[in-house]
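Following: one structure in C-alpha cells, then a few remarks.
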Amino acid sequence: MSSTIAVEHLEVGMYVHLDVGWLSHPFPLSSFRITEPEEIAVIRGLGLAQVRWSPERSALPAPATPPAGAADPDHPDAADAGAAGAAASETAEDAAARRNRERLDAQREVQQQCDRQFAEAAKAWRAAVDVAIARPAEAREATRTLIGALVAKLRLSDEIGIRLVAAGGGDRPAAHALNVTIVSLLLGRALGMDDGELHDLGLGAMLHDLGKVELPDRVRHLEPGASTSEVAAYREHVAKGVALGRRMDIADAALAVLAQHHEHADASGFPSRLGGDQMTLASRIVGIANRYDNLCNPQGRVPPLTPHEAVAMVFAQGRTRHDPHVLGAFIRMMGVYPAGSLVQLTDDRFGLVVGANTTRSLKPRVLVHDPRVPRREALLMDLEESPRLGIRRSLAAARLPPATAEYLDPRPRVAYFFEPLGSAPAAVPLVAPGAALAS
C-alpha cells in the first residue's frame, strides 16, 4: 500500500513511485528503492512537491526513524504504527491471505508500470517517425534517446523477464516496432552484446520498417495472393528505409539492419539475396524477431498464431531461413510457452502465460482460471516455485471453455516489455551512455 510524502522528507531506503512519464526522469524505472543520497537530489530536481512511497517495500533502518513531520496523525508512518499493532493479532490464515493480496498487488503494479512504459515508448516512436522525413536529425535524437532508455533498463537486473502487456491505442506499426525491438534487445543480451552493440541493434530494430512511411497503405504489408507489382512495391520499403536512415545519419551498424532484415541465411531473402555469413549479427537477430512478431500479430487477413505456435513455426523454418546459433538462443530465451500462450496445466486448470524468465523459460508465470476466485484476485502462479505443477499443453483461444475465455480475457495482440527479476548489477548508471533523456 502506498502513501504520499513530501520530497524534502525522502530518505535512503524508501521505495518510491514517480508518477510522471518514463522519459521524463533519468531513472530506468519509475518505481524503485532509493539507494543513495544522489538519487534523492535527482528526484527533488524534477520539480515534484511530493511522491508516492511504499513503506512495506522500503528498507529503512530498524527501528525506522520517521521523516520530519511524521507526528501528524494523518502521516503515513502514523498509520503504519496502527497497522503494526493490528497485524500482531492476525491469525496464520489471515496472514497468508494478506501476503497473497500483497503479492497480487505488487504484480498488478508491475503490470501497470510495464503497460504505461510500453504505451509511452510507442508514443515516442510515433513522434520520431512522423518527423523522419521533414526533420531527420530530430527523429534521430528522439529515437536514440528512446533506445538509450531501453538499453539502460536491460542493465537493471541480472535476470530479465518478458512481461505480456496491453498494446492499446490501435497504432499497429508502433506496437510492431516496439515488439521487434524488445525481443531483439533481449536476444542480443542473451548473445553477449555490449551496450554499444545493443544500442545499434535497438536502433536498427526500432527503425527496421522506416521505409514504409513512404509507401501507400495498400502495400505496407502483403496480403495472400498479392500481385507481382504489389510484391515489388512492398519490397521497396527496404531501399526507402536505408535512404531515410542515411538522411537521419544513423550508425552504419543500425543502417545494416534496415538493409538486411529481410535477408535469409540460405540467400533466399531480399533485396540482395545475401547469405548468412554476409549478414551482420544484428540483422540476423532482427530477422528472427520480425518474423516472430509477424506470425503473432499479422496485418490484413492472415490469421494470427499463438506465441507457442509462432515459436514452433520459427523453429521449423530455421533450418534454412535463420542462423542456427541465433535461432537456438531465441528458442531458449522465449521457451516452449512464451508470454501470451494459453495453456492447460497438469492439474487440468487453464491459464494465460503472463511472464517468463529469459534464462529459465520452462517455468513461466501463469494467470490461472479458478472459478472459486474472483477475477480481480486471480491466482498468479510462478511455476518455478511449484515443482509439482507444470504445463500439459498449449491451445488456441477458440478451444477455451467460454467461462475460461471470459475470465482470462486473452488479448488480440501479443505485446512484450522488459521486467527486472533478479538482483541489480553492482553499478547501474542513471542515464544510458550517450542518451540524454527528454524532460
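Position 1 is the first residue of the sequence, and the numbers go up from there.
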>> For L187 and M334: C-alpha separation, side-chain torsions, deciding distance, then whether side-chain contact (heavy atoms from CB on, under 4.5 Å) applies.
In response: CA-CA 9 Å; L187 189 48; M334 298 301 290; over 6 Å; no
Nearest 0.5 Å please: distance from the [atom1] atom of [X] over to the [atom2] atom of [Y].
X: R220; Y: Y234; atom1: CZ; atom2: OH; value: 12.5 Å
X: L210; Y: R247; atom1: CG; atom2: CZ; value: 10.0 Å
X: L150; Y: H199; atom1: CG; atom2: NE2; value: 9.5 Å
X: T35; Y: I40; atom1: OG1; atom2: CD1; value: 9.5 Å
X: K240; Y: L258; atom1: NZ; atom2: CG; value: 14.0 Å
X: L10; Y: I5; atom1: CG; atom2: CD1; value: 6.0 Å

Applying salt bridge (charged side-chain N to carboxylate O under 4.0 Å, His left out) to R57 and not counting sequence neighbours gives E109
Exercise for review: Quick one: do Q113 and S31 satisfy side-chain hydrogen bond (donor to acceptor under 3.5 Å, both in side chains)? Show the steps, please.
Suggested key: CA-CA 8 Å; Q113 180 168 277; S31 298; 3.0 Å; yes
Looking at [X] and [Y], would you say the former's side chain and the latter's main chain have a donor-acceptor pair under 3.5 Å?
X: D323; Y: V326; result: yes
X: T358; Y: I160; result: yes
X: E263; Y: Q260; result: no
X: H176; Y: P173; result: no
X: T346; Y: G390; result: yes
X: N294; Y: N290; result: yes

- Item | Test log, rule side-chain contact (heavy atoms from CB on, under 4.5 Å), inputs M193 and L154 | CA-CA 11 Å; M193 285 186 163; L154 281 179; over 6 Å; no
Do [X] and [Y] have side chains that get closer than 4.5 Å, going by heavy atoms?
X: F350; Y: V343; result: no
X: L164; Y: L352; result: yes
X: P298; Y: P304; result: yes
X: P37; Y: V12; result: yes
X: P136; Y: D249; result: no
X: E223; Y: R218; result: no
X: L191; Y: E197; result: no
X: I250; Y: T143; result: no

Which heavy-atom pair separates [X] from [Y] by the least distance, and what is that distance?
X: T280; Y: A256; value: CG2-CB, 3.9 Å
X: I331; Y: F315; value: CD1-CB, 3.9 Å
X: A251; Y: D200; value: CB-OD1, 3.6 Å
X: L146; Y: W125; value: CD2-N, 4.1 Å
X: H17; Y: V51; value: O-CB, 4.0 Å
X: V366; Y: G351; value: CG1-CA, 3.7 Å

Quick check on [X]: does its [atom1] atom have over 12 non-hydrogen neighbours (other residues, nucleotides or ligands) under 6.0 Å away?
X: D348; atom1: CG; value: yes
X: Y15; atom1: OH; value: yes
X: E406; atom1: CD; value: no
X: R399; atom1: CZ; value: no

**Whether F118 and F417 hold their rings parallel, tilted or perpendicular, with breakpoints at 30° and 60°** =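 Ring orientation of F118 relative to F417: perpendicular.
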> In terms of ring plane angle, is the pair Y416 and Y292 parallel, tilted or perpendicular, where the classes change at 30° and 60°?
Replying inline: parallel
(message) Could you walk me through whether V311 and V336 satisfy the side-chain contact (heavy atoms from CB on, under 4.5 Å) test, starting with their C-alpha distance in whole Å, then the side-chain angles of each, then the deciding distance to 0.1 Å, before giving a yes or no?
(response) CA-CA 7 Å; V311 165; V336 179; over 6 Å; no
Exercise. Start with the C-alpha distance between T181 and I147, add both sets of side-chain angles, then the distance that settles side-chain contact (heavy atoms from CB on, under 4.5 Å), and finish with yes or no.
Key: CA-CA 9 Å; T181 301; I147 293 300; 4.0 Å; yes
- Query: Is it the case that S30 and H25 place a side-chain donor and acceptor less than 3.5 Å from each other?
  - Reply: yes
- Message: Regarding R392 and Q344, do their side chains bring together a donor and an acceptor under 3.5 Å, going by distance alone?
- Response: no
Sorted by first residue and then second, give each side chain to side chain donor-acceptor pair (under 3.5 Å) pair with at least one member in residues 296-305; sequence neighbours left out.
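The answer is R172-Q299, D293-N297.
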- Query: Is it true that H262 and H237 have ring centroids separated by less than 6.0 Å?
  - Reply: yes
Sorted by chain and residue number, the ring pair (Phe, Tyr, Trp, His ring centres under 6.0 Å) partners of H369 (sequence neighbours excluded) come out as Y407
| Taking E419 as the fixed residue, which of K153, Q111, R365 is the one that meets the side chain to side chain donor-acceptor pair (under 3.5 Å) rule? |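 Only one of K153, Q111, R365 forms a side chain to side chain donor-acceptor pair (under 3.5 Å) with E419, namely R365.
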Do the side chains of K123 and E120 get close enough for a salt bridge, i.e. N-O under 4.0 angstrom?
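No, no charged N to carboxylate O under 4.0 Å.
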